[in-house]
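So the structure is just underneath, and the comments pick up after that.
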Amino acid sequence: MMKIYNTLNRKKEEFVPIEANKVKMYACGPTVYNYFHIGNARPFVFFDVVRRYFEFRGMEVVYVQNITDIDDKIINKAIEDKSTFQQIAKKYISAFVEDTAKLGIRQPDYQPKASDVIGEIIKLIKQLEKKGYAYEVDGDVYFSVEMFKDYGKLSGKKIDDQKAGARVEANINKRHPADFTLWKKAKAGEPVWKSPWGEGRPGWHSECVVLSQKYLGSETFDIHGGGVDLVFPHHENENAQAEVLSHKPLANYWMHNGFINIEGEKMSKSLDNFFTARDILKEHDAETIRFFFLSKHYRSPIDFNREIMQESETAVKNFYTALKLIKYDASRAKKEYSESLLSKKEEFITAMDDDFNTAKALSVMFDLVKIIKNPKEELEEREITADLLVELGRVLGFFSDLEGKLSNDLGDFSEKLLKIIINLRNQAKIDKNWALSDMIRVELLKEGIQLLDTKDGTKWEIK
RNA sequence: GGCGACAUCGCCAAGUGGUAAGGCAGAGGUCUGCAAAAUCUCCAUCCCCAGUUCGAAUCUGGGUGUCGCCUCCA
């Protein structure tokens, strides 16, 4: 039985999809005004794992992720860069696609943009207006939160509690301070679309309603995900719009990942501790980043720092060390698991079934690593254990380039040269010319080739 | 002011009633010219206090501390 923590009820619940063996999931994607940062990357990676896991469990998954390409931040960036909002959006959409691919994140089934569905958003707002949940003031259209008696049920907020001490913007046009914008009247120089309320653009909270329902094909779908900060107001506001019209929640399960801190502090531009995924990818392997995310439960906050990345890198290396040790060849995978391995697989499934306990799942992988490395085990058992390690690892998004990572291929000519160098070094060793032999080893290491003096002679591997 | 989360070895982190997984780091052994790699072994009673229970890291109450949301934000 799979359990998922549902923000809506603030507890773990059994996951029952609307249609048997089919999961319809939607996760909020990026606003394309910049390269996305490490904090954005967490939900992208996590929901990628969620999707992979459902598939591993034999379910058909439809995964939709939107791209917000209409937004104040994009407009501001365009002004700053003396560009147009279309150009900015285009640039960062392609960067987004590129970077997520580098992170080993599979493309969602659909990745629609807000600008694709302006007509449908207008239709949605018109329906809300017709039912009396939306009102227009001078070209702006607002959603009236007081009209929807369940407003606040997702985030657990009562709108009237928000007044005292809260930082609520003063907007004399709003009937209630918590009312949110559905349609924004255009200001000079902004992108505009024609609407019944004049020229303007949609507010942020409507696009997800339209896109999710459209591409998932139903008023209610199974899972809606995003960062915790989206619970309020974004998801609350999405749900309010949908529920007012359909009298059903937008999604049955709402999943929210925790934040990333940078060396114990909140990431922010003013603290100058703002890291884009693109920059981090220059220093760390995608799998190191993935391990870092998955080493802690997705709902917990996680701290990003140099040490933790180093630890993650070493840990991931361990997987490959084990596979290299037995010269693992994925093409020979048999997956004929022994009983004890099947129980390990079961352990992995139990962990993941329990609200995606990836940290526990990783520990099962290390149990397997231990078996693979154990020279006392039968080689065949070690190989089959490696099959399982790879199978489970792939569920978490590891081992996407297994061949490349395991290969020790320099090309014929280079290998011949290397052999000559090793022979020369061995002669130096025989002469006890340690200075020379150590120098050769150090120089080769600088080029990424690690020499290993073993009982059976000198071996080498690409680092 | 309102709402919520969290507190487990030096660090990271599982564990939600039955006697503390795993990773990193560290110590020691084997191997070795040295190094690396590999391998074996060792390494915590769970923020504080009170309570429930045969039994609690796990449940309840009260502290203390850290953090998040309430404003654009993953």
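To find a chain, count down the sequence lines: A is the first, B the second, and so on, and within it residues start at 1.
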Taking only nitrogen or oxygen atoms into account, show me every contact under 3.5 Å that the protein makes with nucleotides 30-32 of chain B, one pair per line with its distance.
none

Q. A:Glu190: what forms a side-chain hydrogen bond (donor to acceptor under 3.5 Å, both in side chains) with it, not counting sequence neighbours?
A. A:Arg201

Q | Where at least one partner belongs to residues 283-296 of chain A, residue pairs that pass salt bridge (charged side-chain N to carboxylate O under 4.0 Å, His left out), sequence neighbours excluded | A | A:Asp48-A:Arg290, A:Asp285-A:Lys405, A:Glu287-A:Lys405

Using nucleotides 19-23 of chain B, report all nitrogen or oxygen pairs with the protein that are shorter than 3.5 Å.
unit_1, atom_1, unit_2, atom_2, d
B:A21, N3, A:Ser363, OG, 3.4
B:G23, N2, A:Glu311, OE1, 3.0

**Q.** Partner set under salt bridge (Lys or Arg N to Asp or Glu O under 4.0 Å) for A:Asp453, not counting sequence neighbours
**A.** A:Arg425, A:Lys429, A:Arg441

Q | By salt bridge (Lys or Arg N to Asp or Glu O under 4.0 Å) - contacts of A:Asp303 (at least two apart) | A | none

Q: For A:Lys373, report the nucleic acid contact type (base, sugar-phosphate, nothing); a contact means any heavy atom under 4.0 Å.
A: sugar-phosphate

Q: If B:G65 has a Watson-Crick or G-U wobble mate with both distances under 3.5 Å, name it; if not, just say none.
A: B:C6

Q | B:G1: pairing nucleotide in any strand, Watson-Crick or G-U under 3.5 angstrom | A | B:C70

Q: Scan A:Gly156 against the nucleic acid and name what it touches under 4.0 Å (heavy atoms): base, sugar-phosphate only, or nothing.
A: sugar-phosphate

**Q.** A:Lys327: partners by salt bridge (Lys or Arg N to Asp or Glu O under 4.0 Å), with sequence neighbours left out
**A.** none

Q. For A:His37, which contact category applies under a 4.0 Å heavy-atom criterion: base, sugar-phosphate, or nothing?
A. base

Q. Within the structure shown, what part of the strands sits under 4.0 Å from A:Lys432 by heavy-atom distance: base, sugar-phosphate, or nothing?
A. nothing

Q. Hey, does A:Arg382 reach any base, or is it just sugar-phosphate, or nothing, if we go heavy atoms under 4.0 Å?
A. nothing

Q. Does CD in A:Glu380 sit with more than 12 non-hydrogen atoms of other residues, nucleotides or ligands closer than 6.0 Å?
A. no

Q: Using Watson-Crick or G-U wobble geometry with both distances below 3.5 Å, tell me the partner of B:A57, or none.
A: none

**Q.** A:Asn357 side chain, from C-beta outward: closest of B:A74, B:G15, B:A13
**A.** B:G15

Q) What does B:A38 pair with, Watson-Crick or G-U, if both distances are under 3.5 Å? A) B:U30

Q. Please give, in whole Å, the distance from B:C6 P to A:Tyr298 OH?
A. 12 Å

Q: Select base, sugar-phosphate, or nothing to describe what A:Gln450 touches, counting heavy atoms under 4.0 Å on all strands.
A: sugar-phosphate

Q) Between A:Asp353 and A:Tyr53, is a side chain to side chain contact (heavy atoms under 4.5 Å, CB included) present by the stated rule, with each step listed? A) CA-CA 9 Å; A:Asp353 271 0; A:Tyr53 184 66; 2.7 Å; yes

Q: Please confirm whether A:Phe54 and A:Tyr63 have ring centers closer than 6.0 angstrom.
A: no

What protein N or O atoms touch nucleotides 66-69 of chain B N or O atoms at under 3.5 angstrom, if any, and at what distances?
unit_1, atom_1, unit_2, atom_2, d
B:C69, OP1, A:Lys266, NZ, 2.6

Q: Compute the ring centroids of A:Phe44 and A:Phe96, then answer whether they are less than 6.0 Å apart.
A: yes

Q | Sequence neighbours excluded - side chain to side chain donor-acceptor pair (under 3.5 Å) pairs with any residue from residues 357-371 of chain A | A | A:Lys344-A:Asp367

Q | Paired nucleotide for B:U52 [Watson-Crick or G-U wobble; both distances under 3.5 Å] | A | none

Q.
Quick check on A:Lys373: does its NZ atom have over 12 non-hydrogen neighbours (other residues, nucleotides or ligands) under 6.0 Å away?
A. yes

(Q) Contact list please: residues 433-446 of chain A against RNA chain B, heavy atoms, distance less than 4.0 Å, in numerical order. (A) A:Trp434, A:Ser437, A:Asp438, A:Arg441

Q. A:Asp329: what forms a side-chain hydrogen bond (donor to acceptor under 3.5 Å, both in side chains) with it, not counting sequence neighbours?
A. A:Ser331

Q: Using the test side-chain hydrogen bond (donor to acceptor under 3.5 Å, both in side chains), find all partners of A:Thr288 that sit at least two apart in sequence or belong to another chain.
A: none

(Q) Using Watson-Crick or G-U wobble geometry with both distances under 3.5 Å, which nucleotide pairs with B:G17? (A) none

Q: Would you kindly check if the NZ (Lys) or CZ (Arg) of A:Lys73 is within the cone defined by 45 degrees around the ring axis of A:Tyr33 and under 6.0 Å from the six-membered ring centre?
A: yes

Q) When all nucleic acid strands are considered with a 4.0 Å heavy-atom cut-off, which category describes A:Leu452: base, sugar-phosphate, or nothing? A) base

